[in-house]
Amino acid sequence: MTQDEMKKAVAKAAIEYVVDDAVIGVGTGSTANQFIDCLAEIKTRIRGAVASSEETRRRLVAKGVPVFDLNEGHDIPVYIDGADEFDRNLCLVKGGGGAMTREKIIAAVAKKFVCIADASKKVAVLGQFPLPIEVIPMARSYVAREMVKLGGDPVYREGFVTDNGNIILDIHNLEIAEPVKLENIINNIVGVVTVGLFAKRGADIVLMGHQEGIEVIRP
Ligand code: 5RP
């Protein structure tokens, strides 16, 4: 299977985790987009979805899937989304698409987080993919300096503004040996909105696509 075929395969497999008559959480990115295509085919089985980004909201609406506001208070039995990296404990790095703040909010609300990813996303230690951090614009330089103190090399994502009106710093060269600890430390830096480290609330299941098929990975 090519990487694209793996993404399609895991997106299709995730349909098994969709709960009938429910509002489900839908992530952002190319793998999540494949999932939206599959979801559209069974849209009459669900009440609708909450979207983790404006891009996802538009795609869902275009496919005729009703989109709800999270503040309407629906139970979200399952959230389905991709990742940039995952480790054996199903801690994740997310935010390659810059949507991690809304993704983290939905993941926090959802009962189950099903991550869909191709095999290239599996790593022994998180941090090979630059860790995205959403930052309030006026705190950009301060947060960057704090990240240098933590051993990272911050790079400003030029020309990118998040759905929440903030900027992204991508932190290169971090070896994330203790994901929960680092998530807590970064969360405590003033000006940080969200770090794309999903360790305290990682995935419950990863559906990983590889050459021979799909592996279901639990922590
Ligand atoms: C967006 C994300 C995505 O889940 C992550 O970037 C993976 O994307 P893709 O499925 O395109 O590889 O976190 O903010």
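This one's a predicted model, so the numbers in the text were calculated from it and none came from an experiment. Note that ligands are numbered from 1 as they come in the structure, with each ligand's atoms numbered from 1 the same way.
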Does a donor on one side chain and an acceptor on the other come within less than 3.5 Å for K7 and N33?
->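 Side chains of K7 and N33: no pair found under 3.5 Å.
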
Closest approach of V148 and P154, non-hydrogen atoms and distance?
->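 It is CG2-CD, 3.6 Å.
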
CG/D75: more than 12 non-hydrogen atoms of other groups inside 6.0 Å =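 Counting neighbours around CG of D75, 12 or fewer heavy atoms of other residues, nucleotides or ligands fall under 6.0 Å, so no.
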
Residue from D84, I171, N173 passing side chain to side chain contact (heavy atoms under 4.5 Å, CB included) with L131 =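 The single option meeting the side chain to side chain contact (heavy atoms under 4.5 Å, CB included) with L131 is I171.
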
At a 4.0 Å threshold, what atoms of ligand 1 neighbour a non-hydrogen atom of [X]?
{"X": "G82", "value": "4 (O)"}
{"X": "G98", "value": "14 (O)"}
{"X": "G97", "value": "1 (C), 6 (O), 14 (O)"}
{"X": "D81", "value": "4 (O)"}
{"X": "G29", "value": "11 (O)"}
{"X": "K7", "value": "12 (O)"}
{"X": "G95", "value": "2 (C), 13 (O), 14 (O)"}

What residue and heavy atom of the protein are closest to [atom], and at what distance?
{"atom": "atom 10 (O) of ligand 1", "result": "T31 OG1, 2.5 Å"}
{"atom": "atom 3 (C) of ligand 1", "result": "T28 O, 3.2 Å"}
{"atom": "atom 1 (C) of ligand 1", "result": "E103 OE2, 3.1 Å"}
{"atom": "atom 12 (O) of ligand 1", "result": "K121 NZ, 2.7 Å"}
{"atom": "atom 5 (C) of ligand 1", "result": "D84 OD1, 3.1 Å"}
{"atom": "atom 4 (O) of ligand 1", "result": "K94 NZ, 2.8 Å"}
{"atom": "atom 11 (O) of ligand 1", "result": "S30 OG, 2.5 Å"}

Check: A99 N/O within less than 3.5 Å of ligand 1 N/O =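 Looking only at distances, the answer is yes, because the N/O contact criterion of under 3.5 Å is met.
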
Kindly confirm or rule out an N or O of A32 lying under 3.5 angstrom from an N or O of ligand 1.
->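 A32 vs ligand 1: no N/O contact under 3.5 Å.
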
Thinking salt bridges, do [X] and [Y] make one under a 4.0 Å N-O criterion?
{"X": "E215", "Y": "K122", "answer": "no"}
{"X": "K200", "Y": "E183", "answer": "no"}
{"X": "E54", "Y": "R102", "answer": "yes"}

So, is the end of the R140 side chain (NZ or CZ) under 6.0 Å from the ring centre of Y156 and within 45° of the ring's axis?
->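 Verdict for Y156: a cation-pi partner in R140.
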
Measure from NZ or CZ of K94 to the centre of the six-membered ring of F198 and say whether it is under 6.0 Å with the direction within 45° of the ring axis.
->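 The answer is yes, since K94 meets both limits relative to F198.
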
G27 touching ligand 1 at heavy-atom level, < 4.0 angstrom =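 In this structure, G27 fails to qualify as a contact of ligand 1 - no heavy atom is under 4.0 Å.
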
Under 3.5 Å, side chain of K63 to main-chain N/O of L39, donor-acceptor pair present?
->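 Here the side-chain-to-backbone pair does not exist.
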
Stepwise salt bridge (Lys or Arg N to Asp or Glu O under 4.0 Å) check, E5 with K8 = CA-CA 5 Å; E5 286 165 342; K8 276 191 189 140; over 6 Å; no

Have a look at ligand 1 and work out which part of P132, if any, has a heavy atom under 4.0 Å from it: side chain, backbone, both or neither.
->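 For P132, there is no contact with ligand 1 at all, from either part.
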
